[in-house]
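Have a look at the structure below before the remarks.
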Number of protein chains: 2
Amino acid sequence: MILPAVRATRAHHPKPSIEDVAAAAGVSTATVSRAIRGLPRVAQPTRTRILEIAQALGYAASASAAGLATGKTRSIGVVTSSVRHPDYGAAVEGAARALRGRDYSLVLLHLPDSSASPRFPRDLNMLCRRVDALLVLGAATLEKDEIDQLQRSGMPHIVIGLHGEQDDSDLDAATTAIRHLVQLGHTDLAFFHGGLGAQSRNGLLAAVREHRTSALNADGLKLREVRIEDQPGAIRNSRTAFSLLWAEPGSKPTAIVCASDQIALGVLLEAGNAGLRIPEDLSIMGIDGQDLGKSLELTTVIRYSTRRAAEGAQSLLAALEGDRSVTHPALWSPELMIRQSTAAPQGTGRQSLPMPQQKNSKSV
Amino acid sequence: MILPAVRATRAHHPKPSIEDVAAAAGVSTATVSRAIRGLPRVAQPTRTRILEIAQALGYAASASAAGLATGKTRSIGVVTSSVRHPDYGAAVEGAARALRGRDYSLVLLHLPDSSASPRFPRDLNMLCRRVDALLVLGAATLEKDEIDQLQRSGMPHIVIGLHGEQDDSDLDAATTAIRHLVQLGHTDLAFFHGGLGAQSRNGLLAAVREHRTSALNADGLKLREVRIEDQPGAIRNSRTAFSLLWAEPGSKPTAIVCASDQIALGVLLEAGNAGLRIPEDLSIMGIDGQDLGKSLELTTVIRYSTRRAAEGAQSLLAALEGDRSVTHPALWSPELMIRQSTAAPQGTGRQSLPMPQQKNSKSV
DNA sequence: CTGAAAGCGCTAACAA
DNA sequence: TTGTTAGCGCTTTCAG
């Protein structure tokens, strides 16, 4: 087994400074600085020579010194409440991707839950002195007053809502999912979710109501909400919830919308146990099913956490570079990704209904 | 939908400097510096006053300035090839945890695959000027020559092997899993893995051989190796592999060891389709099943990526603080976590065998 | 216990 | 095109 001893090879390589390079090249430090950063006002041959020497010496500017001189750290902070949750992981990856090759580094601040000690004063404030801008992953990652404080601090920042949050994007996603199912002809749906704000719920119900009248022209559309306790054991909770639901007397839903991959997996497993075929006997939809959902061939509504985070980071960078002409990040509407887990309900036969308006999955 | 506009409230809060605090407190900057960092040689009342004023002003030292003055950045770099993969996510979380409250920040370097452009010169070298030490997640994340270069650079670093790598820890885990199954009485095993180095394979076979003679005293122990292409679609690949295996004529294994959660899930699903009951008809084991594996009630061998990374980070910190008395991180041996997915093979009846030596799951 | 002063390594005017 | 010269905001001797 690898013995993770700290390797600290006491090398005689005290990192070369800009002066070493300047001396070796026979120029001033100012010229080296310009040459290395690709600024103008350096003769081509000089530049080449300096670059070669720097390379040979293994020179790289000290971030602290440069930062102190410029007042910029050339790094952005990413605040997240999780790195294990695939959604957040995907977002972090997006941010990292946006920074690649831009000579910016990414400082990760992991704030597991908001109940932890007064955090802004310590962690966030400290972070603010190390980064030029902040990308906050998840609308619930920071408390309201923390966001306020951020606002007041004047630090450029963007908050990206992620899965399961009480924001409109969540509602959008659920609506898109339900629309898909309604169009397939389902009239008895269940929505397994991890909790919905009152606002989202109302919006959702409104959306459902709209479909009930305009798409279906029937009041037959039924939507059962089932709350699944998230995080530890979402899968298990979802399994029990499904079993419970199926054990109830009366009619069963013909389709279930799941707020996450985990929940969908629970339903999938338990439906298998119950002898149901997917999608013939039961349609299952996911939301944000990037990794698991894809492997499971789950029809899903995806919201591109990766891309959204990448674009958030890009906006931040653009804002930092003073690019006033920055177009705001495109709003990625939730997009329908039809895979294998949904179909028209058995016996209905109709594959799709005329769409209510000219809305489709791409519409906002 | 949240419009992720960059908020940059042009606040009139130009971050206060140490001089502002010094002036307000009527002391010199030197005293403020000492007071804030909790150094001695400051009278208690003075200290309190300074702290209060700093607090009121929202002062925090500029990382760049402090870094330039001390030659330390107070941040460590975490190099990883993934943030979506739960294993790596868990490790990143461990590192973050170790840094919490220590006033160190974590700079994340995401190096997706080694095929990408010459990376050390750019990314890694640059990173080296921004951090005091490096925690490398995954033995395969850096190329051999990159590690060499790291070595030469004198930067303290630790490499932590993660899942699916051709290191001994991987072998350890597999061996532990197989031992468990053999002890349950299984004699026909399959090992679904994402590729094994020749060395690991030999070690594994040796381990199996050992069990064959000492634990079982029979040459009946059969081990089929099935290679599952990882990452995109591990689940799907695993399902097909299972189906194929089950379609083959002849005897079937009574237990399957899976190198990851994903693979195990594939087997689980397909076994369900085949009408097999788990664990009665088939035992399934996972490796490193932290999140998914847990929800699935999979018996697994866990290797504590989180803890290992946390301890790696701690060692690094200790080394940086010049703590020469640092005990090296405890070696977490892979540990058996028995859940619901394994049992004695049907018809065998015997629940366990006498153990070969006094080895148990805790042994190295 | 406190303060004055000399940098840390780089950048950014301004001169040359 | 290049060099000179001030700092950037903090830490850290070394005197007081």
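Only a predicted model underlies this, so the values are computations on that prediction, with no experimental measurement involved. In what follows, chains carry the letters A, B, and so on, assigned in the order in which the sequence lines appear, proteins first and then strands, with residues in each chain numbered from 1.
A 4.5 Å side-chain heavy-atom check between B:R74 and B:R102 finds every atom pair outside the cut-off. Inter-residue side-chain proximity for A:L106 and B:V107 is flagged as unmet; no heavy-atom pair is nearer than 4.5 Å. Under the 4.5 Å side-chain criterion, counting only non-hydrogen atoms from C-beta, A:H110 is in contact with B:E93.
A donor-acceptor contact under 3.5 angstrom links the side chains of A:S105 and B:R130, judged on distance only.
Residues satisfying the side-chain hydrogen bond (donor to acceptor under 3.5 Å, both in side chains) test with B:T31, not counting sequence neighbours, are B:S28. In terms of the side-chain hydrogen bond (donor to acceptor under 3.5 Å, both in side chains) criterion, residue partners of A:S75 (sequence neighbours excluded) are, by chain and number, A:T73.
Applying the 4.0 Å criterion to OP1 and OP2 of D:dG9, one finds that B:S62 has every side-chain N and O outside that range.
Between B:V27 and A:S64, it is B:V27 whose nearest contact on DNA chain C lies nearer the 5' terminus.
Regarding B:L68, its CG atom lies at a distance of 9 Å from the P atom of C:dC8, rounded to whole Å. Rounded to whole angstrom, the span from the CD1 atom of B:I36 across to the C1' atom of D:dC10 amounts to 11 Å. What separates CZ of A:R74 from P of D:dC8 is a distance of 22 Å, to the nearest Å. Nucleotide C:dC10 holds its P atom 8 Å from the CD atom of A:E19, rounded to whole Å. Going from atom NZ of B:K72 over to atom C1' of C:dG9 covers 16 Å, rounded to whole Å.
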Using a cutoff of under 3.5 Å, can you pull out all pairs of nitrogen or oxygen atoms linking the protein to nucleotides 11-14 of chain D, with atom names and distances?
from	atom 1	to	atom 2	distance (Å)
D:dT11	OP2	B:S33	OG	2.5
D:dT12	OP2	B:R37	NH1	3.2
D:dT12	OP2	B:R37	NH2	3.3
D:dC14	N4	B:R41	NH2	3.1

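Looking only at distances, no side-chain donor or acceptor of A:R129 sits under 3.5 Å from a matching main-chain atom of B:A63. Panel note: side chain A:R47, backbone A:L39; a donor-acceptor pair is recorded below 3.5 Å. Under a 3.5 Å cut-off, the side chain of A:T80 and the backbone N or O of A:L137 do not form any donor-acceptor pair.
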Could you tabulate the donor-acceptor pairs under 3.5 Å formed by side-chain atoms of residues 16-26 of chain A, not counting sequence neighbours?
from	atom 1	to	atom 2	distance (Å)
A:S17	OG	A:E19	N	3.1
A:D20	OD2	A:S17	N	2.7

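Checked for salt-bridge contact, A:E311 and A:R307 miss the test: no charged N lies under 4.0 Å from a carboxylate O.
At its two ends the helix from C:dC1-D:dG16 to C:dA16-D:dT1 runs along axes set 30° apart, each axis drawn from five pairs and the angle rounded to 10°.
Sorted by residue number, the members of residues 42-49 of chain B with any non-hydrogen atom under 4.0 Å from DNA chain C read B:V42, B:A43, B:T46.
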